[in-house]
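For reference, the structure I am asking about is given below.
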Amino acid sequence: MNKRHNSFYLIHKALRVAMYEMATALQHADFADVLTTETTIQQLEELLLLFDSHALGEDHFFNEPLKAKEPAIAKMFEKEHEEDHRLAAVLQQLIVSWRYASTDDKRLEYGQLLCYAFNEFIAFNLYHMNKEEMKLNEALWRNYTDEQILATEQTLVSQIPPEKMMKYAHWLVRGLNMKDLLGWLTPIRQNAPASVFDALFAIAQKHLPTSKYNSLAKQLARPQTTSVL
Ligand SMILES: [Fe+2]
């Protein structure tokens with residue numbers, strides 16, 4: 001197991017679980033039922049915004065500086081983000097077509113196309129994120145120390161607006177195991193303002209199963225809950 005710092009490890013787990021849960025929601029959706037499905041579609045739009053912001057952050061903070069040292073690798077990942085953007089644009093166009101469809105048959109047809117397009121989006125992103133955690137990380141590790149990589153990651157995270165950070169936090173809570181949750185929240189508890197930690201911890205309380213939340217609360221010395229979540 002490589003002991004170097006993997007800047008993408010936690011956030012990619014969050015983004016993967018967001019895609020898995022969305023894929024299930026889309027498979028369950030009745031695209032002729034406009035009112036119910038609109039909620040799922042809005043969640044899909046939010047997911048696309050998170051992926052877009054994430055790719056922009058990676059390009060700005062990792063790929064652009066890497067161009068001076070390893071131009072071929074940096075450009076390859078920027079190109080992959082362009083493909084990611086194209087796949088998201090296909091989904092956005094299908095969302096518009098579904099919203100403006102005039103019959104149930106048309107809504108069902110666009111819904112099916114939307115599911116296929118989302119499968120392509122997932123397939124591409126699963127492959128792409130693996131590649132970043134292997135090939136891009138190898139290039140970062142060759143050229144920077146772990147302290148430099150961690151400092152870049154902290155700069156990237158610090159420029160995320162609080163409202164968007166809470167959306168990422170929702171998927172971090174859904175996507176991480178206990179060790180990851182402790183690794184994510186412990187330094188925040190030690191270094192960030194109490195209000196930031198409290199807001200993140202409230203998301204954990206809301207979205208974790210009771211037993212997992214209680215285990216986390218115990219290890220962070222926070223009040224446990226007996227409510228059924
Ligand atoms: Fe990426």
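Remember, it's a predicted structure, so these values are computed and weren't measured experimentally. Side chains included, hydrogens not; waters and symmetry mates left out as well; all remaining heavy atoms used.
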Seminar exercise, completed: Separation between CD1 (Ile149) and CG (Leu140), nearest 0.5 Å, reads 5.0 Å

Exercise. Do other residues, nucleotides or ligands put more than 12 heavy atoms under 6.0 Å from Lys131 NZ?
Worked result: yes

Problem set entry | Thr186 side chain vs Leu182 backbone, donor-acceptor pair below 3.5 Å | yes

For this session: Give the C-alpha distance, both sets of side-chain angles, the deciding distance and a yes or no for salt bridge (Lys or Arg N to Asp or Glu O under 4.0 Å) between Arg86 and Glu83.
Result: CA-CA 5 Å; Arg86 186 191 70 76; Glu83 174 62 4; 2.9 Å; yes

Exercise. Can you tell me if Asp33 and Thr36 form a side-chain donor-acceptor pair at under 3.5 Å?
Worked result: yes

Exercise. Do we see a donor-acceptor contact under 3.5 Å between the side chains of Tyr9 and Lys13?
Worked result: yes

Problem set entry | Steps toward salt bridge (Lys or Arg N to Asp or Glu O under 4.0 Å) verdict (Glu82, Lys79) | CA-CA 5 Å; Glu82 285 171 21; Lys79 277 267 164 230; 3.3 Å; yes

Exercise. Does Leu15 belong to the same Ile/Leu/Val/Met/Phe/Trp/Tyr cluster as Tyr20, with side-chain heavy atoms less than 4.5 Å apart forming each link?
Worked result: yes

For this session: Report yes if the side chains of Phe118 and Leu94 come closer than 4.5 Å at any heavy-atom pair, otherwise no.
Result: no

Seminar exercise, completed: When every non-hydrogen atom of Leu208 is compared with those of Lys212, the smallest separation belongs to CD2-CD, 3.9 Å

Problem set entry | From CA spacing to verdict: side chain to side chain contact (heavy atoms under 4.5 Å, CB included), Arg222, Gln205 | CA-CA 11 Å; Arg222 302 284 292 185; Gln205 185 166 23; over 6 Å; no

Exercise. What's the verdict on side chain to side chain contact (heavy atoms under 4.5 Å, CB included) for Glu78 and Lys67, showing C-alpha distance, side-chain angles and the deciding distance?
Worked result: CA-CA 10 Å; Glu78 282 186 350; Lys67 269 185 197 160; 3.2 Å; yes

Exercise. Measuring from Leu220:CG to Ser215:OG, what's the distance to the nearest 0.5 Å?
Worked result: 9.5 Å

For this session: Drop me the distance from Leu114's CG to Leu108's CG, to the nearest 0.5 angstrom.
Result: 12.0 Å

For this session: Start with the C-alpha distance between Met19 and Phe51, add both sets of side-chain angles, then the distance that settles side chain to side chain contact (heavy atoms under 4.5 Å, CB included), and finish with yes or no.
Result: CA-CA 10 Å; Met19 290 197 295; Phe51 268 78; 3.5 Å; yes

Exercise. Leu150, Leu136: one ILVMFWY side-chain cluster at the under-4.5 Å cut-off?
Worked result: no

Exercise. Between Glu46 and Gln42, is any side-chain donor less than 3.5 angstrom from a side-chain acceptor?
Worked result: no

Problem set entry | Considering all heavy atoms, the nearest Ile160-Lys164 contact | CG2-CB, 4.0 Å

For this session: Applying side-chain contact (heavy atoms from CB on, under 4.5 Å) between Met22 and each of Val17, Ile122, Leu44, Leu48, report the one that passes.
Result: Leu44

Exercise. Below 4.5 Å, heavy atoms only, C-beta onward: do Leu216 and Phe201 meet side chain to side chain?
Worked result: yes

For this session: Quick one: closest heavy-atom pair of His54 and Tyr168, and the distance?
Result: N-OH, 3.3 Å

For this session: Starting from the C-alpha separation in whole Å, work towards a yes-or-no answer on side chain to side chain contact (heavy atoms under 4.5 Å, CB included) for Glu45 and Gln92.
Result: CA-CA 8 Å; Glu45 289 176 312; Gln92 280 153 346; 5.9 Å; no

Exercise. Donor-acceptor pair, Gln148 side chain versus Thr145 backbone, under 3.5 Å?
Worked result: yes

Exercise. Within 45° of the ring axis of Phe197 and under 6.0 Å from its six-membered ring centre, is that where the NZ or CZ of Arg189 lies?
Worked result: yes

Exercise. What are the two closest non-hydrogen atoms of Gly111 and Trp98, and how far apart are they?
Worked result: N-CD1, 4.3 Å

For this session: Could you pull out the closest heavy-atom pair between Lys135 and Phe77, with the gap in Å?
Result: CB-CZ, 4.1 Å

For this session: For the residue pair Asn130 and Tyr127, establish whether any side-chain heavy-atom pair is separated by less than 4.5 Å.
Result: no

Problem set entry | Arg16 and Glu133: CA distance, side-chain angles, deciding distance, salt bridge (Lys or Arg N to Asp or Glu O under 4.0 Å) verdict | CA-CA 13 Å; Arg16 282 189 205 100; Glu133 291 193 37; 3.1 Å; yes

Problem set entry | Validation row: Tyr213, His207 side chains within 4.5 angstrom (heavy atoms) | no

Exercise. Is there a path of hydrophobic side-chain contacts, each under 4.5 Å between heavy atoms of I, L, V, M, F, W or Y residues, that connects Leu185 with Met178?
Worked result: yes

For this session: Answer with yes or no whether the side chains of Glu58 and Asn63 bring together a donor and an acceptor at under 3.5 Å.
Result: no

For this session: Identify the two heavy atoms, one from Asp180 and one from Asn177, that lie closest to each other, and give their separation to 0.1 Å.
Result: N-OD1, 2.8 Å

Problem set entry | salt bridge (Lys or Arg N to Asp or Glu O under 4.0 Å) evaluation trace for Arg4 with Glu147 | CA-CA 10 Å; Arg4 295 293 309 270; Glu147 289 70 27; over 6 Å; no

Exercise. Are Phe124 and Leu49 connected, step by step, through hydrophobic side chains (Ile, Leu, Val, Met, Phe, Trp, Tyr) whose heavy atoms are closer than 4.5 Å?
Worked result: no

Problem set entry | Whether Gln159 side chain and Leu156 backbone form a donor-acceptor pair below 3.5 Å | yes

Exercise. Among the clusters formed by ILVMFWY side chains lying less than 4.5 Å apart, do Met134 and Leu126 turn up in the same one?
Worked result: no

Exercise. Does one side chain, of Glu153 or His5, offer a donor that lies under 3.5 Å from an acceptor on the other?
Worked result: yes

For this session: Please check if any side-chain donor atom of His128 sits under 3.5 Å from a side-chain acceptor atom of Asp84, or the reverse.
Result: no

For this session: Could you give me the CA-CA distance, side-chain angles and deciding distance for Phe121 and Tyr116, then say whether ring-ring contact (aromatic ring centres under 6.0 Å, His included) is met?
Result: CA-CA 9 Å; Phe121 181 84; Tyr116 289 144; over 10 Å; no

Exercise. Does Val34 offer a backbone N or O that forms a donor-acceptor pair with the side chain of Arg107 under 3.5 Å?
Worked result: no

Problem set entry | Candidate pair Phe8 and Phe62, rule ring-ring contact (aromatic ring centres under 6.0 Å, His included), full reasoning | CA-CA 11 Å; Phe8 310 113; Phe62 289 107; 5.4 Å; yes

Exercise. Measuring from Arg99:CZ to Ile41:CD1, what's the distance to the nearest 0.5 Å?
Worked result: 7.0 Å

Exercise. If you round to the nearest 0.5 Å, how far is SG of Cys115 from CD of Gln27?
Worked result: 7.0 Å

Exercise. Do Asn137 and Glu132 get their side chains close enough for a donor-acceptor pair, meaning under 3.5 Å?
Worked result: no

Seminar exercise, completed: Rounding to 0.5 Å, atoms CG (Leu26) and CD (Gln43) come to a distance of 9.5 Å

